[in-house]
**Q** 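Next up is a structure, given as structure tokens.
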Number of protein chains: 2
Amino acid sequence: MSGAVRDDLPHLDKAGRPTLATVATLAGVHPSTASRALSSSLKGGVRVGSADTVGRIRRIAEEVGFSRNLHAAGLRTQRTSLAGVLVPRLTDLVLATIYEGIDEEARHRGYQTFVANTNDDEAERASKLAMLLARQVDGIVLGDARIDDDEIIEQLQARHVPFVLVSRRSQRHPSVTCDDYAGGRLAAQHLLELGHRRVAVIAGEEYASTGLDRTRGFADACREAGHPLAPELVVPSPFDVAGGRHACQQILNTPGPPPTGIFAVNDFAAIGALGTLRSTGATAGRDIAVIGYNDISLASELPLPLSSVRSPLHEMGAEAMRLLLAGMDGEEMTSRTLRPSLAARESTLGVSTPV
Amino acid sequence: MSGAVRDDLPHLDKAGRPTLATVATLAGVHPSTASRALSSSLKGGVRVGSADTVGRIRRIAEEVGFSRNLHAAGLRTQRTSLAGVLVPRLTDLVLATIYEGIDEEARHRGYQTFVANTNDDEAERASKLAMLLARQVDGIVLGDARIDDDEIIEQLQARHVPFVLVSRRSQRHPSVTCDDYAGGRLAAQHLLELGHRRVAVIAGEEYASTGLDRTRGFADACREAGHPLAPELVVPSPFDVAGGRHACQQILNTPGPPPTGIFAVNDFAAIGALGTLRSTGATAGRDIAVIGYNDISLASELPLPLSSVRSPLHEMGAEAMRLLLAGMDGEEMTSRTLRPSLAARESTLGVSTPV
DNA sequence: TCGATTGGCGCAAACGATTGGGCAGATGCG
DNA sequence: CGCATCTGCCCAATCGTTTGCGCCAATCGA
């Protein structure tokens, strides 16, 4: 354990903390020697000094509670061991989980992450990105890409900052995503097998590839089975509870026979839909089937356990970080797609087979 | 919009990005002049140059897409405009919401935040804290304090880094919390008024003031009403769905008549309890009342809307940041306590009055 | 005994931005 | 017209760390 900071040491910084010079002076060596002794990454041709000296320096550093000023080090080395992460919102459990995967993998590899919310807002994205660049991040993970992203990404490319998209893809840029199209098909197959013929989709934001691909996969599977979706039953929505509630309302207000099943491209939206159904008297899970997406941990614990398409969120974040690190090492970056799977529960299974 | 980075400018940095010298050279002035022209904080006695020069410099900076290297600036000024935030986990919606409040207020005041998960683990706390200090944060918000925290906090005090606790308090250290004791009483009064006499508590982690205070308030109110808690019906648990599920199991396994109501000091734990109740055949919200804490946005949308004690999470984070900023300005730091309120819903109201 | 080799460290120049001090030229006043 | 004052800008030092280069002393071989 590093001892208390003493106030009578030589070469303290303005805040009274020991610097490299403090350690060097105490050890009777030159700061450069101390730097080498304390540098963990003793790469290739660097000569590091005698084991004796190194040991002494390390011990003294420990004693006085020295910790390297990362700003100074970053200034000198042009590398910060810092990766920037942009997400729509950390209060979205899906993104928070992905971020945990990113951060865990980053720390594992000696990097730290700097995360910022963009609220899916263009101006905020620009300003948060500028902030990350000003902090000299070594690379960036974008969790809030739009399907037709250009400006932001071109900026990154122009500055030669390695980057990777996660969760949402955009054009041909390197990304790590779940196979959302396949996931949409899984949901459709499940509902079709249960006998549903008229189903609605709560489709998510129109700029996010996640919602688009899931919806497309779902629609394709339905059409191939000979039961194409009614276009008016596919309604966009924000990826949250309130969004799902409104979308479900809109679905129920649509003329024609009500759907017997609803696919929400996001679990929170699905929960919102459950809320709407409940207040209209229809019993979700008995009169109408509901299936969500992502299989957040809550889904299985709800009073009505929610069927969902599971996507490996944590793993997706970790994989994105691995890809980014590879890119920073100058390797080729090739996108990866992870496989979704189905978690069938009572919110669909409990529905008696419709006509 | 900042233009593309050109490659033929003078004094670019190693990564090809324009530096202050680039702008200065282009404007035909000395870097120091450029620095002053671009420094937003034109405090007191600083002479800033003619409006003419300043305008020209600003325009050129914009044109070449200059952005100040915050590491270099921080090194020189000894201030980083960076506040560190330590939380147990960002995937805990409660903490994520508090963090958003912190971050929003920070940016509002020209600061950025650097957040890290500690998983409520002692070793991880130490290492994440060291990391924040190495990054020279100007202050720290601790969202994962323990009731008897010592080592960590003493370290901060020794280094003269301003800090504030949020959500959880510890001893007399400056903190911003919800009045958890009062919140516990609110929950108790609600259940008592509904006629419950034998109730159980899912009490949270034993090192967190939140769970402790809420439980204490609840227990005191029950005792004062002449219906003291049965000690074996007060069980600790992690603040998550799985924790609530297990705790509820334990409660149901306790000998003696089953409780007619359950108070969970956390909404997720409450949801876990709902899950357990469901699988035992008891119908929560009709046979047994459940009330949670925090009133997360999900609570009202659940298939069985969950009663909860609402705490102003976002506001709590913002207030903590305000307090920290005051502390950084050398002002006295006095703890603040925000008021909780009751949100009564079907999970308690739907229960027919017990004997 | 002497030159060649090598290991261990010190020297000093960066990295990019900031800021107190100071120097010229313009302006004001009598 | 002389002197004081002010305005606008530049100089140079500084923050803490890293690293290529080169010096010195010890070791080795002949």
Side-chain angles (χ1 to χ4, degrees), chain A residues 9-25 27-57 61 64 66-81 133-136, chain B residues 9-25 27-57 61 64 66-81 133-136:
Chain A
L9 300 173
H11 296 287
L12 297 176
D13 72 1
K14 291 269 174 69
R17 287 192 289 221
T19 71
L20 197 53
T22 312
V23 176
T25 307
V29 299
H30 193 271
S32 64
T33 307
S35 171
R36 281 183 259 258
L38 295 172
S39 129
S40 46
S41 58
L42 19 135
K43 54 221 146 179
V46 194
R47 296 180 299 166
V48 72
S50 70
D52 228 35
T53 316
V54 170
R56 182 162 37 97
I57 292 172
V64 301
F66 167 75
S67 86
R68 171 197 274 92
N69 181 328
L70 293 179
H71 287 140
L75 182 58
R76 177 64 229 262
T77 60
Q78 306 286 343
R79 300 189 331 102
T80 53
S81 301
L133 293 175
R135 292 227 175 259
Q136 315 294 116
Chain B
L9 300 174
H11 296 287
L12 296 177
D13 71 1
K14 291 271 174 66
R17 287 191 289 221
T19 69
L20 196 56
T22 312
V23 177
T25 307
V29 299
H30 193 271
S32 64
T33 307
S35 170
R36 280 184 253 259
L38 295 172
S39 123
S40 47
S41 58
L42 20 134
K43 56 222 145 175
V46 195
R47 294 178 301 166
V48 72
S50 69
D52 227 36
T53 317
V54 170
R56 182 161 40 94
I57 292 172
V64 301
F66 167 74
S67 84
R68 170 199 272 90
N69 181 327
L70 293 179
H71 287 141
L75 183 58
R76 178 60 230 261
T77 59
Q78 307 286 343
R79 303 190 328 104
T80 53
S81 301
L133 293 175
R135 292 227 175 259
Q136 315 293 118

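Both backbone and side-chain heavy atoms feed into the values below; hydrogens, waters and symmetry mates do not. Lettering follows sequence order; numbering is per chain, from 1.
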**Q** Which atoms form the tightest heavy-atom contact between Phe66(A) and Leu38(A), and what is the distance?
**A** CE2-CD1, 3.7 Å
**Q** Ignoring hydrogens, what is the shortest heavy-atom contact between Ser81(B) and Arg135(A)? Give both atom names and the distance.
**A** O-NH2, 3.7 Å
**Q** Tell me: CZ of Arg135(A) to P of dA17(C), nearest whole Å?
**A** 14 Å
**Q** Any N/O pairs under 3.5 Å between the protein and nucleotides 13-16 of chain D? List them or say none.
**A**
unit_1, atom_1, unit_2, atom_2, d
dT14(D), O2, Arg76(B), NE, 3.4
dT14(D), O2, Arg76(B), NH1, 3.3
dC15(D), O3', Gln78(B), NE2, 3.0
dC15(D), O2, Arg76(B), N, 3.3
dG16(D), N2, Ala72(A), O, 3.3

**Q** Could you please name the option among dC9(C), dG10(C), dC10(D) that lies closest to any side-chain atom of Thr33(B)?
**A** dC10(D)
**Q** List the residues meeting side chain to side chain contact (heavy atoms under 4.5 Å, CB included) with Ala27(A), not counting sequence neighbours, and say none if there are none.
**A** Val29(A), Arg56(A), Ile57(A), Ile60(A)
**Q** For His30(B) and dA17(C), what is the distance between atoms NE2 and C1' respectively, to the nearest whole Å?
**A** 12 Å
**Q** Which of these nucleotides, dC9(C), dA12(C), dC11(D), is closest to any side-chain atom of Ser32(A)?
**A** dA12(C)
**Q** Would you compute the distance between atom OG1 of Thr22(B) and atom CG of Leu12(B) and round it to the nearest 0.5 angstrom?
**A** 5.0 Å
**Q** Can you tell me how far C1' of dT17(D) sits from CZ of Arg36(A), to the nearest Å?
**A** 12 Å
**Q** Between NZ of Lys14(B) and CZ of Arg79(A), what distance do you get to the nearest 0.5 Å?
**A** 13.5 Å
**Q** Taking all non-hydrogen atoms of both residues into account, name the closest pair between Gln136(B) and Thr80(B) and its distance.
**A** O-OG1, 2.9 Å
